[in-house]
Amino acid sequence: MSETKQDRPSYKNTLNLPRTGFAMKANLVQNEPASLKRWQEMGLYQRLRELGKSRKRFVFHDGPPYANGPIHLGHMLNKVLKDIVVRSRGMLGYDVPYVPGWDCHGLPIEHKVIQELGEQAKSMPAIQIRRKCKASVEKYIKLQSTQMQRLLTLGDYNNPYITMLPEYEAAELEVLANLVERGIVYRGLKPVHWSIANRTALADAELEYYDREDTSVYVLFEVANAPAGAAFTHLMIWTTTPWTLPANLAVAVNERYDYGVYDIGNGRRVVIAVELAPRVLAAGGHTGSAEPVSVLRGADLLCVTYKHPFIDRTGRVVGAEYVTLEDGTGLVHTAPGHGAEDYQTGLREGLEIYCPVKDDGTFDDTVPEWLRGVDVWTANGKVVEHLRASGHLFHDHKFLHSYPHDWRGKSPVIFRATEQWFISVDKPFEANCTTASLRQRAIDAVEKDVTFYPGWGRNRLRGMLETRPDWCISRQRSWGVPIPAFYPPEGVEGEVLLTPASVRAVAKLIGEKGTDVWFLSEARDLLQYYDPNADPDAPQWVREALADPNAAIRKGSDTLDVWVDSGSSWNAVVRRRFGDEAVPTDLYIEGSDQHRGWFQSSLLLAIGATARPPFKAILTHGFMVDRDGKKMSKSLGNALEVEDLLKDFGADVCRWWVSSLNTDNDIKVDLDYFKVAGEEYRKVRNTLRYLLSNLFDFDPKAHRYTFTETDASSIDAWALDELNRLTATVRSAYEQFAFRKAHEALFSFCNETLSATYLAATKDRLYCDAADSPRRRRTQTAMYDIAHALCRLVAPILPHTADEAFRTLIPDGEVCVHLELLPEQMPIRVNGDWQKVMAQREVWLKAIEDARQSMDIDNPLDCGLVIARTPELEAFDRVDLADLCGISRVEFADDADQPRVIDLRHEPRCERSWKRDGTVKQRSDGGMLTDRDAAALGLA
RNA sequence: GGGCUCGUAGCUCAGUUGGUCAGAGCGCACCCCUGAUAAGGGUGAGGUCGGAAGUUCGAAUCUUCCCGGGCCCA
């Protein structure tokens, strides 16, 4: 035990120890903004567009987030995924323009602005509200843009698309004009929440629910025409809104329920759902038997018709799934003009969407005399009394229920059918030499022309298309793109003006002045580009009215559903910026909720306008849930903030986390997962750092080693072959948008192939060989190529770290890894038996571990290994094999069926390399050295 | 209530058309190194594949039902 460091020469400073300026600690939070700034200053996005001029284009189109707050985790996931696509496709050799966009119009923003304004909003003209909305949107676009760029996403942030800019709005109206030209835009009735006080439609977000006392009534409808042998005379319905009874056109039943016939006296046999009958009969004070005379299925009632209790008309029984046994009688009063479900039923059954209530809440002249001009609240009482008097009322009672109120006026709202604009999904139109409906064309496209990632997206989108109703595209709002419709002057009969030519004329004006012009100008001025004489579709009144300077043409006050805004982006952005051939776009990426939202609105508008889908492929990702799989929300307190994550971990760690996910379904989020991602990131970073640090004295121009046939069995050839495998895996993963696969391969390569195997095995030669030894230079050559390739392979995921490492590897000042392409396969000859050797290594390591336990050896360098002599193994360098096991030497033996570990502690130990390889002896400087170390020092 | 979808070791995930498929990494435990050091290496322990029934010679993998999530509707 005399080998103490004190009395022996120290060789540490004769070693080629690693050194590098690439810090172990990433300091992402400080350093990433510097990368961002560097890329901005060098015009990285523009330079990539320049490089891309000669390349095939891959058009990826961004779905616009809503500009109404800071970005959240969902945005982070979405934007990072998109950025990995953009960067990886670019490095695969495509030209990938990326134009980020923002969705600006719509109720949530208007709602928030109005709420902030408070009382004064009521008296404010639309144009003022719009200006406030615009300011709010601009604020959030700025914020979100900064945050997205902080996530190191690359795009045309200097020239994004913004749906409230005139050029966008004009392009959107062009799409509308095309749909009008197809003949599939029409005006029809639809019930909406209606504020009588404000004479306006309200959206769900504008409702507040308060308790209200109303009268609920059980009403008898006399059967007009029942199936032969039917034992009933009346149907009993229940409603809490007696004022809607004048609009009753049907009674809905659930076909699967049992309905009983009950004798309630005076020859009346009434139908009530069996399950509800006892309650109903008791409530009505019925004293007779509660046993049904007979029982039938809901389906058996479908052909029944009945007489309206106070209007001369018959209604009929229809089936509806929404009929439940919670309240009422199991027979639901249906007024298609006064209820959402009733409306759907009405559409399906071909009923009139009948609404006798005017915008001031009073009845029109289509109702009986005694109700005309009466407001609905007064009508409630009148209807009840009328029913009572005529013997149609079985029971009535006051009750308290939660009822929607206008959040501004606090007054109760009603459901009222109003005129709205629709896009028909079932009306066939001519295009591409075929006649088919929008629905059919969309389904065909989904079946044949669109690729879905994951595949089940196709089923989902198709299912939604199959069942969706006509698209109601009008909203009674201020903050949106106006529907450019014109109505004849008061007192003049005539159809509304909305023709392809008129829409295009207004689109031209809006393209110049923006949609504010609609709210600021007279109808006549809005039509300045419109020539009715050149428009064969122009209604007659338009020609006359435009010719008469005194005619007061009225402009419409509806705006377009915001989904028409974003759904037009394939035209407003892709086609306008990149030309006709850029549509269909190669890829859309959004959360799976967009099967109903943007994917569908884009698909319908593009097919309606061009008869082609807007995209070739759709990639969807799931939603964030917490670690228990529950929905994330601020109110539950389980939401993480993007700002915090960026501050605590940095963008590259967040991106590394995103790339680790299986994004097909729900995505669990928890702070701990970011810590794990941080650990993995450090591993990757350290691996890169170690590669770089061992290249400190390597100049590829001067020192590159040329591999030959004889190097095929070297561990360096093995490592380069592994790099080729990695390259193939990662390229393929990027091509298939399988980022998790790329992530896994990259991590495994850094962690196992490099850190635990190759770098551990080559450490000795890098440190102890003569700096210029061919063996060392060969390893450095391999490591250089590996580092160079690895930087590029991780660049789409870790843009900052990859560039930092790349710039360390090539200390030129000018390079940027994001201007490079992904590596290709390198020509390298490798001994195919390496795979077997690596499998054997597992066995050897196990044997060594066992021996260290049984022989009480601490340091593996005190071990040698005897292994079977086979022609296969003898092709390999025994030093390589020993280094792979971290031991001093390997010997072959004919009798070594099982690997045999030998204790070398009795042999001399090299004071420089710490190996006991059998060549250690005292050298001319007095030190104990191996032959290799002596040679490295030039000693005899 | 309906459509689509998910539920594999503590965690994140692989598991093609049913037959060594019960796997990987992380984490954890133990050990080593101290010339990648707020680093590095080795070994090991963990799961009746959400539950039940069924089809089959054989199922994590097919069918049905149930339980628990998610998105979108109602």
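Lettering follows sequence order; numbering is per chain, from 1. Below, all heavy atoms of this structure are taken into account, side chains as well, without hydrogens, waters or symmetry copies.
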So if I take every side-chain heavy atom of A/Ser755 and compare against B/G41, B/G35, B/C32, which nucleotide ends up nearest?
B/G41
Provide, to the nearest angstrom, the distance between the CG atom belonging to A/Asp593 and the C1' atom belonging to B/G3.
16 Å
Which part of the nucleic acid, if any, lies within reach of A/Gln344 when heavy atoms closer than 4.0 Å are counted: base, sugar-phosphate only, or nothing?
nothing
Counting side-chain heavy atoms from C-beta on, which of B/C73, B/U5, B/G70 comes nearest to A/Val625?
B/G70
In whole angstroms, how far is the P atom of B/U5 from the CG atom of A/Asn459?
6 Å
Write out a two-atom table: protein N or O, nucleotide N or O from nucleotides 8-12 of chain B, distance below 3.5 Å.
{"unit_1": "B/C11", "atom_1": "O3'", "unit_2": "A/Tyr673", "atom_2": "OH", "d": "3.4"}
{"unit_1": "B/U12", "atom_1": "OP1", "unit_2": "A/Tyr673", "atom_2": "OH", "d": "3.2"}

Which nucleotide sits closest to the side chain of A/Asp858: B/U34, B/C33, B/G42?
B/C33
Test: A/Arg685 cationic atom under 6.0 Å from A/Phe22 six-membered ring centre, within 45° of axis
yes
In plain terms, say whether A/Lys846 and A/Glu849 are close enough for a salt bridge, that is, a side-chain N and a carboxylate O under 4.0 Å apart.
no
Which part of the nucleic acid, if any, lies within reach of A/Glu679 when heavy atoms closer than 4.0 Å are counted: base, sugar-phosphate only, or nothing?
nothing
Mapping A/Ile667 and A/Cys768 to their closest nucleotides on RNA chain B, which lands nearer the 5' end?
A/Ile667
Where the side chain of A/Ala756 is concerned, which of B/C32, B/G42, B/C73 is the nearest nucleotide?
B/G42
Check whether any side-chain N or O of A/Thr334 sits under 3.5 Å from a backbone N or O of A/Asp342 as a donor-acceptor pair, and report yes or no.
no
Consider the side chain of A/Phe623, meaning its heavy atoms from C-beta on, and name the nucleotide among B/A39, B/G70, B/G35 that approaches it most closely.
B/G70
Using a heavy-atom cut-off of under 4.0 Å over every strand shown, decide if A/Pro454 touches base, sugar-phosphate, or nothing.
nothing
Between B/G42 (C1') and A/Leu884 (CG): distance, integer Å:
14 Å
Side-chain donor or acceptor of A/Asp666 under 3.5 Å from a matching atom on the base of B/G69?
yes
Please classify the nucleic acid contact of A/Lys846 as base, sugar-phosphate, or nothing, using heavy-atom distances under 4.0 Å.
sugar-phosphate
Can A/Tyr690 be called stacked on B/A39 when the rule is centres closer than 5.5 Å and an angle between planes below 30°?
no
Which base sits across from B/G1 as a Watson-Crick or G-U pair, both distances under 3.5 Å?
B/C73
Return yes if a side-chain donor-acceptor contact under 3.5 Å exists between A/Ser748 and A/Glu744, otherwise no.
no
Rounded to whole Å, the CZ-P distance (A/Arg468 to B/C72) equals 16 Å
Spacing of A/Lys631 atom NZ relative to B/C6 atom C1', expressed in whole Å:
16 Å
Over all strands shown, is A/Arg912 touching base, sugar-phosphate only, or nothing at heavy-atom distances under 4.0 angstrom?
base
Return the nearest nucleotide to the side chain of A/Arg852; candidates are B/C31, B/G44, B/G25.
B/C31
A/Glu275 CD: over 12 foreign heavy atoms closer than 6.0 Å:
no
Write down the partner of B/G46 under the Watson-Crick or G-U wobble criteria, each distance required to be under 3.5 Å.
none
Among A/Asp883, A/Asp880, A/Asp769, salt bridge (charged side-chain N to carboxylate O under 4.0 Å, His left out) partner for A/Arg775:
A/Asp769
Between C1' of B/G44 and CG of A/Asp850, the distance in whole Å
11 Å
Under the salt bridge (charged side-chain N to carboxylate O under 4.0 Å, His left out) test against A/Asp933, which residue among A/Lys915, A/Arg912, A/Arg765 passes?
A/Arg912
How many whole angstroms separate atom CD of A/Gln853 from atom P of B/A29?
17 Å
Watson-Crick/G-U partner (both atom distances under 3.5 Å) of B/G18:
none
When all nucleic acid strands are considered with a 4.0 Å heavy-atom cut-off, which category describes A/Asn751: base, sugar-phosphate, or nothing?
sugar-phosphate
Write down the partner of B/C65 under the Watson-Crick or G-U wobble criteria, each distance required to be under 3.5 Å.
B/G51
Nearest-nucleotide check on RNA chain B, A/Lys683 vs A/Leu17; residue mapping nearer the 5' end is A/Leu17
Within a reach of under 6.0 Å around CZ of A/Arg348, are more than 12 heavy atoms found that belong to other residues, nucleotides or ligands?
yes
At 4.0 Å (heavy atoms only), tell me whether A/Leu845 reaches a base, stays on the sugar-phosphate, or touches nothing.
sugar-phosphate
What nucleotide among B/A39, B/U37, B/C72 has an atom nearest to a side-chain atom of A/Arg689?
B/U37
Determine whether the side chains of A/Tyr453 and A/Asp664 contain a donor N or O and an acceptor N or O closer than 3.5 Å.
no
For B/G46, is chi within 90° of 0 (syn) or not (anti)?
syn
Whole angstrom is fine here: how far is it from CE in A/Met632 over to C1' in B/G70?
13 Å
Can you tell me if A/Trp914 and A/Asn859 form a side-chain donor-acceptor pair at under 3.5 Å?
no
